[in-house]
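Worksheet for the structure shown next.
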Amino acid sequence: MKLLSKFNLIVFVLFAIGGLIISDFTKGLLIHSARNEVLREAELMMASASSVRDYTASDLAPLLEQNPQHHEKFLPETVPAFAAINTFQKLREMYPDYTYHEATLNPTNPVHRAVDWESDVIRYFADHPGQKQFIGERISATGPSLYLARPMVAGPPCLECHSRPALAPAAMITRYGSDNGFGWKEGSIVAAQIVSVPMSVPIENATRAFHLLLVYILVTLFVVAVVLDLGVFFVVIRPIKVVAEAADRASKGEINAPRLASKGKDEIAALTAAFNRMQVSLAKALKMLGN
Ligand code: HEC
């Protein structure tokens, strides 16, 4: 195998190992940051849903409850859950893949009954009372999505409408009936706020960025390999070839050939200078023999 081929083989093996390590590391990093970006979005949406809940409970409900209409025909706009869910519904007109649920095992409005996986999340919170949030991934109808869930605890203000039908406003019973959404115990985890954010776009972006990076790495490695090859050829191989050809000619009897040019102080220059001296010595020795 020629010197340049050996050198190229070493460079190729080094670049292949280095390239694999770098690409594996960057892929992990890009996917990780895409997931973090999605999680930040989910946290922001969760915070905005909770703000709507708080605003409704503290500012809007006290005003609406003064409306005489509320006592005849219950106004669900006074209910924090209703406000948060419906505000998010408006947001979904622009971002249809995002969802916000207040999934409940025993809901007042059956529309909010937890589906299978949501029930598991609520049960998980019930079994782990200290747990403040749960982050998971699932395949939804629109592709992979990340969900952020937070437990909802039945506090004293909630019990008016969620413990016994007798305590709830009559207008509310007229509207929702007395079969659902009651029997909640104070301090128990009754529901979970669940925000789902689609992951397909950020993951696609991360994958595209990764492919672009791979192209850059491959082009850079190729250019580096070509420059290294040129360097090795002109600095090592060509000067050695000149000495080798001269040695070949000398071995075939051409002893009075001109001296080889030797510049610099590197190993090749030392080899060329040594060859020149050897050729002179050889010529002298042959001359002495001839005499
Ligand atoms: C004034 C009565 C009232 C109070 C007080 C109240 N809720 Fe509700 N809640 C309702 C009604 C009515 C609904 C159904 C709204 C709808 O149609 O979407 C509801 C819905 C919910 C839902 C959605 C699931 C479901 O049952 O339909 C959750 C979760 C919820 N409430 C939790 C709470 C919590 C937690 C509190 C205390 C911080 C609370 N609620 C206080 C009346 C009330």
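Numbering starts at 1 and runs along the sequence shown. This one's a predicted model, so the numbers in the text were calculated from it and none came from an experiment. First listed ligand is number 1; within each ligand, the first listed atom is number 1.
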Heavy atoms of other groups near [X] [atom1], more than 12 under 6.0 Å:
| X | atom1 | result |
| --- | --- | --- |
| His71 | NE2 | yes |
| Arg92 | CZ | yes |
| Glu267 | CD | no |
| Arg113 | CZ | yes |

Pro76 near ligand 1, heavy-atom distance under 4.0 Å? no

Run the contact test for Arg175 against ligand 1 with a 4.0 Å cut-off on heavy atoms, strictly below, and give the result. no

For ligand 1, which atoms, with element, lie under 4.0 Å from some heavy atom of [X]?
| X | result |
| --- | --- |
| Ala191 | 29 (C) |
| Phe74 | 12 (C) |
| Arg53 | 30 (C), 32 (C), 33 (C) |

If we set the cut-off at 4.0 Å for heavy atoms, which region of [X] has an atom near ligand 1: side chain, backbone, both, or neither?
| X | result |
| --- | --- |
| Phe182 | neither |
| Ala61 | neither |
| His70 | neither |

Would you say ligand 1 has an N or O under 3.5 Å from any N or O of Glu102? no

Does an N or O from Asn109, backbone or side chain, lie closer than 3.5 Å to an N or O of ligand 1? yes

Salt bridge present between Asp24 and Lys27 (N-O < 4.0 angstrom): no

Per atom 18 (O) of ligand 1, closest listed option by heavy atom (Glu160, Arg113, His112, Met152): His112

Qualifying ring-ring contact (aromatic ring centres under 6.0 Å, His included) pairs with a residue from residues 201-240, counting only residues at least two apart or across chains: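 Not a single pair qualifies under ring-ring contact (aromatic ring centres under 6.0 Å, His included).
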
Closest approach of [X] to [Y] (non-hydrogen atoms, all atoms of both residues):
| X | Y | value |
| --- | --- | --- |
| Met45 | Tyr98 | SD-CD2, 3.4 Å |
| Ile173 | Ala168 | CD1-CB, 3.9 Å |
| Thr104 | Ala191 | OG1-CB, 3.5 Å |
| Phe182 | Cys161 | CE2-O, 3.1 Å |

Considering heavy atoms of the protein only, find what lies nearest to [atom] and give residue, atom and distance to 0.1 Å.
| atom | value |
| --- | --- |
| atom 17 (O) of ligand 1 | Tyr176 OH, 2.7 Å |
| atom 30 (C) of ligand 1 | Trp184 CH2, 3.6 Å |
| atom 24 (C) of ligand 1 | Thr104 OG1, 3.1 Å |
| atom 5 (C) of ligand 1 | Pro157 O, 3.3 Å |

Do Gln279 and Arg259 touch side chain to side chain, with heavy atoms closer than 4.5 Å?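 Counting from C-beta outward, Gln279 and Arg259 never come under 4.5 Å.
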
Is the closest side-chain heavy-atom distance between Met152 and Cys158 below 4.5 Å? no

Measure up the Phe74 and His70 rings against each other and bin them: parallel (under 30°), tilted (30 to 60°), perpendicular (over 60°).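 Geometry flag for His70 against Phe74: tilted rings.
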
Under 2.8 Å from atom 8 (Fe) of ligand 1, the protein N, O or S atoms, given as residue and atom: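 Near atom 8 (Fe) of ligand 1, below 2.8 Å, one finds His162 NE2.
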
